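Only a predicted model underlies this, so the values are computations on that prediction, with no experimental measurement involved. Worth knowing before you read on, the calculation uses all heavy atoms, side chains too, and leaves out hydrogens, waters and symmetry mates.
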Amino acid sequence: MSAVSRRRLLAGGALTAGGAVARAAAVSLGRDAETPAAAAPTAHGTQTVPFHGVHQAGIDTPAQAHAAFLAFDLVAGADRAALVRLMRLLCDDAARLTQGRAALADTEPELAVLPARLTVTFGFGPGFFAAAGLDTARPRSVAPLPAFAIDRLEPRWSGGDLLIQVCADDPLTVSHTQRMLLKDTLAFARPRWTQRGFRRGRGTQDDGVTQRNVMGQLDGTRNPPLGSPEFGGAVWVDSGPSWLRGGTTLVVRRIRAEMAKWDAVDSAGKEFAVGRRLDTGAPLTGTHEQDLPDYAATNGLGLTVISETSHIARAHVDDDRQRIFRRPYNYDEPPGPDGRPDMGLIFAAYQRDVGDQFLPIQRNLAEADLMNDWITPIGSAVFAIPPGCAEGGWIGETLLS
């Protein structure tokens, strides 16, 4: 069966004539669009991350330099059968693109040859389960978060029935992959929001170094280490709905940094609010980034060195299974007409259970975190992240089949 007819079968007739003509033209020129002319190899550009596996990639993958989070609203009539076609189509193209191969009917196959550790991760919001007639299979905490007093949520950054997370070390790879998967999705859903994020460029620092956010803080110091038992116990679902075992849940929060106010604070004030030194990331009671904070330590005046309302104190948990795994990205949009910056954090938190892990931490932060004077949550969404799939399979088959 030709690639074009396979795509038409998966999409249920959604393939446009333009895509078919473009692919036919590429083949008629004597070159299959799936095997474009080889590009010059580079140290990072040719690196790949397997698409298939027990877990979806893009979670325990060391974070890449660039990311796009895409949320969609399903169209009316997108039932369970349509969602099966959608996920099969998306996974077929994602499996190709992550390995440096062009998507089916890709009109720019040359852009696919440098995957740069590309990963594509899929998530299902509350509306996905309702459309499939499977609301009873939805984890209870995969729902809009309760209202917090600190929130100033905007609909343009919140909610969504389907999430596609695209990460790579090259922004052109992210852009091309985003466009290919958007084409796949338009017959079934409409874009709700897109959030593009960045970290330091690959090779700027050693792999594994804790990244800084736009406020200058090291972000993710107390993450459970990748591949550790602590990581597995905190992130991968091991109870509850059988279809989600080996998967996880994701909370995406868009957090605006009030940079004009932050810039007016001296370094001592910033460190007091965070509970860590800005230069090394060490807790105020320690010397090195990974030193454990001593929340009982006092200074010469008898005051605690780390304030009980500091960010690290409010976010602290004692049980490893109650930890969350943060995989955040910075954002920086054009400044407003008044010159005020529009920048902050795309806070992506993975955990076994939103209700048991994320919500208690977020309640503590919303109640009395000193950092609330300088950050404002403006977007929020929650998704179930299905487990991975075997070669020849597709993400979501444990739920939809």
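The existence of a salt bridge linking R321 and E230 is excluded, since no basic side-chain nitrogen approaches an acidic carboxylate oxygen closer than 4.0 Å. Using a 4.0 Å cut-off between charged side-chain N and carboxylate O, R256 and E258 make a salt bridge. Under the 4.0 Å criterion applied to side-chain N and carboxylate O atoms, R314 and D369 are not assigned as salt-bridge partners. A salt bridge is absent between R190 and D73: the closest approach of a Lys/Arg side-chain nitrogen to an acidic carboxylate oxygen does not fall below 4.0 angstrom. A salt bridge links R96 to D92: one of the charged nitrogens lies within less than 4.0 Å of a carboxylate oxygen.
For the pair T119 and F51, the minimum side-chain heavy-atom distance is 4.5 Å or more. Using a 4.5 Å heavy-atom cutoff, the side chains of I306 and T285 are in contact. Put simply, the side chain of L153 does not reach to within 4.5 Å of the side chain of I378, judged on heavy atoms. Between D93 and L181 the shortest side-chain heavy-atom distance falls below 4.5 Å. For the pair M215 and I375, the minimum side-chain heavy-atom distance is below 4.5 Å. Considering only heavy atoms from C-beta on, T185 comes within 4.5 Å of L90 through its side chain. Within the 4.5 Å cutoff, no side-chain heavy atoms of I150 are placed close to those of T376. In this structure the side chain of L399 never reaches within 4.5 angstrom of the side chain of P241, judged on heavy atoms.
Of the possible donor and acceptor atoms, none in the side chain of S175 sits under 3.5 Å from a partner among the backbone N and O of L172. In this structure, the side chain of Q351 does not engage the main chain of R323 through any donor-acceptor pair within 3.5 Å. Without hydrogens or angle criteria, Q357 side chain to D353 main chain gives a donor-acceptor distance under 3.5 Å. Side chain of K270 to main chain of L278: no donor-acceptor pair is present (N/O by atom type, distance under 3.5 Å, no hydrogens or angles). Remark: side-chain polar atoms of Q99 are paired, donor with acceptor, to backbone N or O of V49 under 3.5 angstrom. Put simply, the side chain of R327 gets close to the backbone of T61: a donor and an acceptor are under 3.5 Å apart. At distances below 3.5 Å, at least one donor-acceptor pair connects side-chain atoms of E397 with backbone N or O atoms of W394. The closest donor-acceptor contact from the side chain of Q56 to the backbone of F122 lies under 3.5 Å. Side-chain N or O atoms of R138 include one that pairs as donor or acceptor with a backbone N or O of V142 at under 3.5 Å. Checked by atom type and distance alone, the side chain of T173 pairs as donor or acceptor with a backbone atom of L114 at under 3.5 Å.
To the nearest 0.5 Å, atoms CD (E271) and CG (D266) are separated by 9.0 Å. Rounded to the nearest 0.5 angstrom, D342 CG and M259 CE are separated by 12.0 Å. From H176, atom NE2 reaches atom CG of L111 across 5.0 Å, with rounding to the nearest 0.5 Å. Atoms CG and OG, from L284 and S310 in turn, are 7.5 Å apart once rounded to the nearest 0.5 Å. Residue F383 holds its CZ atom at 10.5 Å from OH of Y350, rounded to the nearest 0.5 Å. From I164, atom CD1 reaches atom CD1 of I395 across 12.0 Å, with rounding to the nearest 0.5 Å.
Ring planes of Y295 and H316: tilted class, angle from 30 to 60°. Ring geometry for F347 against F358 counts as tilted: the plane angle lies between 30° and 60°, on a 0 to 90° scale. Note on ring orientation: taking the six-membered ring where Trp is involved, the planes of F124 and W243 are parallel (angle under 30°, cut-offs 30° and 60°).
At most 12 non-hydrogen atoms from other residues, nucleotides or ligands lie less than 6.0 angstrom from CZ of R340. The 12-atom threshold is exceeded at CG of D338, counting heavy atoms of other residues, nucleotides or ligands nearer than 6.0 Å. At most 12 heavy atoms of other shown residues, nucleotides or ligands fall within 6.0 angstrom of atom CD in E308.
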ask   = Does the side chain to side chain contact (heavy atoms under 4.5 Å, CB included) test come out yes or no for L145 and V251, once each step is laid out?
value = CA-CA 9 Å; L145 298 180; V251 176; 4.0 Å; yes

task = Verify side chain to side chain contact (heavy atoms under 4.5 Å, CB included) between L118 and L97, making sure each step is shown before the conclusion.
result = CA-CA 8 Å; L118 171 66; L97 289 164; 3.9 Å; yes

key: Stepwise side chain to side chain contact (heavy atoms under 4.5 Å, CB included) check, D60 with F231   = CA-CA 9 Å; D60 61 355; F231 180 94; 3.7 Å; yes

Test log, rule salt bridge (charged side-chain N to carboxylate O under 4.0 Å, His left out), inputs R254 and E333 = CA-CA 13 Å; R254 188 176 182 90; E333 304 293 345; 3.4 Å; yes

task = Would you sort out whether V120 and T98 count as a side chain to side chain contact (heavy atoms under 4.5 Å, CB included), showing the intermediate values?
result = CA-CA 7 Å; V120 178; T98 56; 4.2 Å; yes

inquiry  = Set out, in order, the CA-CA distance, both residues' side-chain angles and the distance that settles salt bridge (charged side-chain N to carboxylate O under 4.0 Å, His left out) for D291 and R277, then state yes or no.
reply    = CA-CA 12 Å; D291 290 344; R277 306 186 194 283; over 6 Å; no

query = Hey, mind stepping through R202 and D207 against salt bridge (charged side-chain N to carboxylate O under 4.0 Å, His left out) and telling me if it holds?
reply = CA-CA 8 Å; R202 184 87 188 277; D207 291 347; 3.1 Å; yes

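For the side chain to side chain contact (heavy atoms under 4.5 Å, CB included) criterion with Q322, the lone passing option out of I324, D320, D319 is D319. No option in L182, L163, D161 other than L182 meets the side chain to side chain contact (heavy atoms under 4.5 Å, CB included) test with F72. Between T221 and the choices E289, Q290, R276, the side chain to side chain donor-acceptor pair (under 3.5 Å) rule is met once, by E289.
Cation-pi geometry between R156 and W193 is not met at under 6.0 angstrom from the ring centre and within 45 degrees of the axis.
Between F198 and Y329, the gap from one ring centroid to the other reaches at least 6.0 Å.
Taking all atoms of both residues into account, the shortest heavy-atom contact from M371 to A273 is SD-CB, 4.0 Å. Nearest heavy atoms, R196 versus Y331: O-CB, 3.7 Å. Between T121 and I385, the shortest heavy-atom contact is CG2-CG2, 4.0 Å. Nearest approach of A112 to D106, heavy atoms of both residues: CB-OD2, 4.4 Å. What you find for V75 and A187 is that their closest heavy atoms are CG2-O, 4.2 Å. Closest approach of A65 and G201 over heavy atoms only: CB-CA, 4.1 Å.
Between the side chains of D219 and N213, at least one donor-acceptor pair of N or O atoms lies under 3.5 Å.
Taking T48 as the reference, nothing meets the side-chain hydrogen bond (donor to acceptor under 3.5 Å, both in side chains) condition, with sequence neighbours excluded.
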